[in-house]
Amino acid sequence: MTQTATVSVLIADIAGSTALYRRLGDIAAQALVAEKVKSLRTIIDTHDGTFIAQKGDDVLATFQDPAKALAAGRQMLTSTGDDALSIHAGINFGRVVLADGDIFGDAVNIASRLSSLANNDEICLSEEFVNELSPEASADIYPLGPFQMKGVGGHRNIFSVQSESADANTEVGRTRFGVLGSEKEALDATALLLTHNDRSMVCQDGRSLVIGRSSDCDLLLPHSWVSRRHAQLSLASGRPTLTDTSSLGTFVLVESGREIVLRRETMVLPAKGVISPSVSASNEEAEHIAFELV
């Protein structure tokens with residue numbers, strides 16, 4: 001029998017399994033992924049949720065209590081198990097159709113889009129869901145801003161919760177694409193030159209680099225307002241692009257004086273300009289990363 005219900009919909013996706021299969025082989029990797037899925041189902045049960053389905057590496061569940069849905073999501077972020085696996089999730093609140101042991105409707109579609117939008121170790125939340133939470137439960141939730149979600153229609157305000165294990169104390173140092181130094185490197189081909197304070201760095205054509213505060217980033221910025229993996233710069237056939245993957249956005253100041261804000265978006269960069277993570281380049285606390293195609 002077909003019924004409807006108003007519930008919190010959680011979709012959690014396991015990230016990193018593709019690399020795990022390559023590294024460990026099919027049998028060993030599948031066993032770890034299966035164990036991870038089992039732990040996610042245990043968390044759902046612990047917080048009085050209803051497991052609906054598993055598709056690939058993601059799980060779908062509903063919760064009558066929004067606070068318990070968020071608590072389950074938080075626990076999922078901290079139960080990583082194998083270091084190669086992480087979780088990103090989406091939670092929405094709305095009316096669903098229940099039929100044949102599955103759920104359908106826009107509320108499910110939006111939860112799926114939110115999960116896809118989230119970075120690893122992050123939960124993206126809809127405004128409808130956040131409005132159902134108490135002030136105490138939503139204390140550390142912060143807005144990402146309005147987003148256009150494909151297939152859903154219109155702009156929607158999105159919110160974020162990140163893993164408490166985020167390391168805010170990384171230091172600037174050596175990178176995979178050379179050492180930040182006081183002099184520009186000699187270039188034999190088209191490249192993207194980055195300058196940060198009195199240091200410079202080169203991204204060669206066909207390569208990419210990541211800006212953020214995590215220890216595995218190429219350009220490390222030790223500030224709490226910088227996301228762990230804040231943005232990615234790429235250069236392909238002499239064409240530089242910047243992709244924002246942060247919580248607060250990335251500001252790009254171009255030569256005309258216009259400033260563009262990216263929020264989980266990609267743009268083709270001009271030949272010269274300034275990148276500022278999270279805050280406007282005019283802000284006195286801004287970190288200025290000058291870029292130039294050379």
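All of these numbers come straight from a predicted model, not from anything done at the bench.
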Smallest separation among heavy atoms of Ala89 and Ala118, with atom names: O-CB, 3.5 Å

Run the side-chain hydrogen bond (donor to acceptor under 3.5 Å, both in side chains) test against Thr42 and tell me which residues pass, sequence neighbours left out. none

Mind checking side-chain hydrogen bond (donor to acceptor under 3.5 Å, both in side chains) for Ser276 and listing every partner two or more places apart, or none if nothing turns up? none

Can you tell me how far the CD1 atom of Ile158 sits from the CG atom of Leu114, to the nearest 0.5 Å? 5.0 Å

What residue among Val108, Val9, Leu60 forms side chain to side chain contact (heavy atoms under 4.5 Å, CB included) with Ile52? Leu60

Rounded to the nearest 0.5 Å, how far does CG of Leu117 lie from CD1 of Ile110? 12.5 Å

Are Asn119 and Arg228 side-chain neighbours, meaning at least one heavy-atom pair lies under 4.5 Å? no

Check step by step if side-chain contact (heavy atoms from CB on, under 4.5 Å) holds for Leu262 and Met267. CA-CA 8 Å; Leu262 300 182; Met267 72 172 287; 3.6 Å; yes

Of the non-hydrogen atoms in Ser200 and Leu193, which two are nearest, and what is the gap between them? CB-CD1, 4.1 Å

If you look at every heavy atom in Val226 and Gly212, which pair is closest and at what distance? CG1-CA, 3.9 Å

Spacing of Gln162 atom CD and Cys124 atom SG [to the nearest 0.5 Å]: 9.0 Å

Before giving the answer on salt bridge (charged side-chain N to carboxylate O under 4.0 Å, His left out), spell out for Arg229 and Asp216 the whole-Å C-alpha distance, their side-chain angles and the decisive distance to 0.1 Å. CA-CA 9 Å; Arg229 296 178 67 83; Asp216 63 350; 3.2 Å; yes

Tightest non-hydrogen contact, residues Pro270 and Val254, listed as CG-CG1, 3.6 Å

Quick one: list whatever passes side chain to side chain contact (heavy atoms under 4.5 Å, CB included) with Gln30, sequence neighbours left out. Tyr21, Ala34

Could you pull out all residues at least two apart from Leu253 that satisfy side chain to side chain contact (heavy atoms under 4.5 Å, CB included)? Glu259, Val274, Ala281

Given the rule in the side-chain contact (heavy atoms from CB on, under 4.5 Å) test, do Ile87 and Ile14 qualify, once you have shown the distances and angles that lead to the verdict? CA-CA 5 Å; Ile87 295 292; Ile14 300 172; 3.8 Å; yes

Would you say that Ile289 contacts Leu221 through its side chain, given a criterion of any heavy-atom pair below 4.5 Å between the two side chains? yes

Side-chain heavy-atom pair Phe63, Leu70 within 4.5 angstrom cut-off: no

Find out whether Arg74 and Val161 are in side-chain contact, i.e. whether some heavy atom of one side chain is under 4.5 Å from a heavy atom of the other. yes

In chain order, what residues pass the side-chain hydrogen bond (donor to acceptor under 3.5 Å, both in side chains) check against Thr6, with sequence neighbours excluded? Arg95

In this structure, NE2 of His196 is separated from CG of Asp198 (nearest 0.5 Å) by 9.5 Å

Is there a donor-acceptor contact under 3.5 Å from the side chain of Asp100 to the main chain of Asp102? no

With rounding to the nearest 0.5 Å, note down the distance linking CD1 in Ile211 to OG1 in Thr243. 11.0 Å

Val7 and Gln64, any side-chain heavy atoms less than 4.5 Å apart: yes

Any chance you could pull the hydrophobic cluster mates of Phe251, using side-chain heavy atoms under 4.5 angstrom and chaining through other members? Val261

Side-chain (Ser214) to main-chain (Cys217) donor-acceptor, under 3.5 angstrom: no

Same cluster or not: are Val294 and Val202 linked, directly or through other Ile, Leu, Val, Met, Phe, Trp or Tyr residues, by side-chain heavy atoms under 4.5 angstrom apart? yes

I'd like to check Phe93 versus Pro66 (side-chain heavy atoms, cut-off strictly below 4.5 Å). Are they in contact? yes

Any side-chain heavy atom of Thr62 within less than 4.5 Å of one from Leu98? no

By the salt bridge (charged side-chain N to carboxylate O under 4.0 Å, His left out) test, which pairs, at least two apart or in different chains, include something from residues 37-66? Asp48-Lys68

Considering all heavy atoms of both residues, which atom of Phe51 and which atom of Ile44 are nearest to each other, and what is their separation? N-CG2, 3.9 Å

Considering only heavy atoms from C-beta outward, does the side chain of Ser247 approach that of Arg264 to under 4.5 Å? yes

Interatomic distance, Leu233 atom CG to Leu194 atom CG [nearest 0.5 angstrom]: 5.5 Å

Determine, stepwise, if the pair Leu209 / Arg207 fulfils side-chain contact (heavy atoms from CB on, under 4.5 Å). CA-CA 7 Å; Leu209 58 85; Arg207 306 297 294 272; over 6 Å; no

Stepwise, does the side-chain contact (heavy atoms from CB on, under 4.5 Å) test hold for Ser280 with Glu285? CA-CA 9 Å; Ser280 169; Glu285 293 185 335; over 6 Å; no

Which pairs pass salt bridge (charged side-chain N to carboxylate O under 4.0 Å, His left out) with one or both residues in residues 123-132, sequence neighbours excluded? Glu128-Arg156

Checking Ser115 now: which residues fulfil side chain to side chain contact (heavy atoms under 4.5 Å, CB included) with it, not counting sequence neighbours? Ile11, Asp13, His88

Nearest atoms (heavy-atom pairs only) where Leu235 meets Ala191: CD2-CA, 3.5 Å

Suppose we screen for side chain to side chain contact (heavy atoms under 4.5 Å, CB included). Which residues come up paired with Ser278, at least two apart in sequence or across chains? Trp225, His230, Leu248

Set of residues satisfying side-chain hydrogen bond (donor to acceptor under 3.5 Å, both in side chains) with respect to Asp244, sequence neighbours excluded: Ser246, Thr250

Other residues, nucleotides, ligands: >12 heavy atoms within 6.0 Å of Gln54 CD: yes

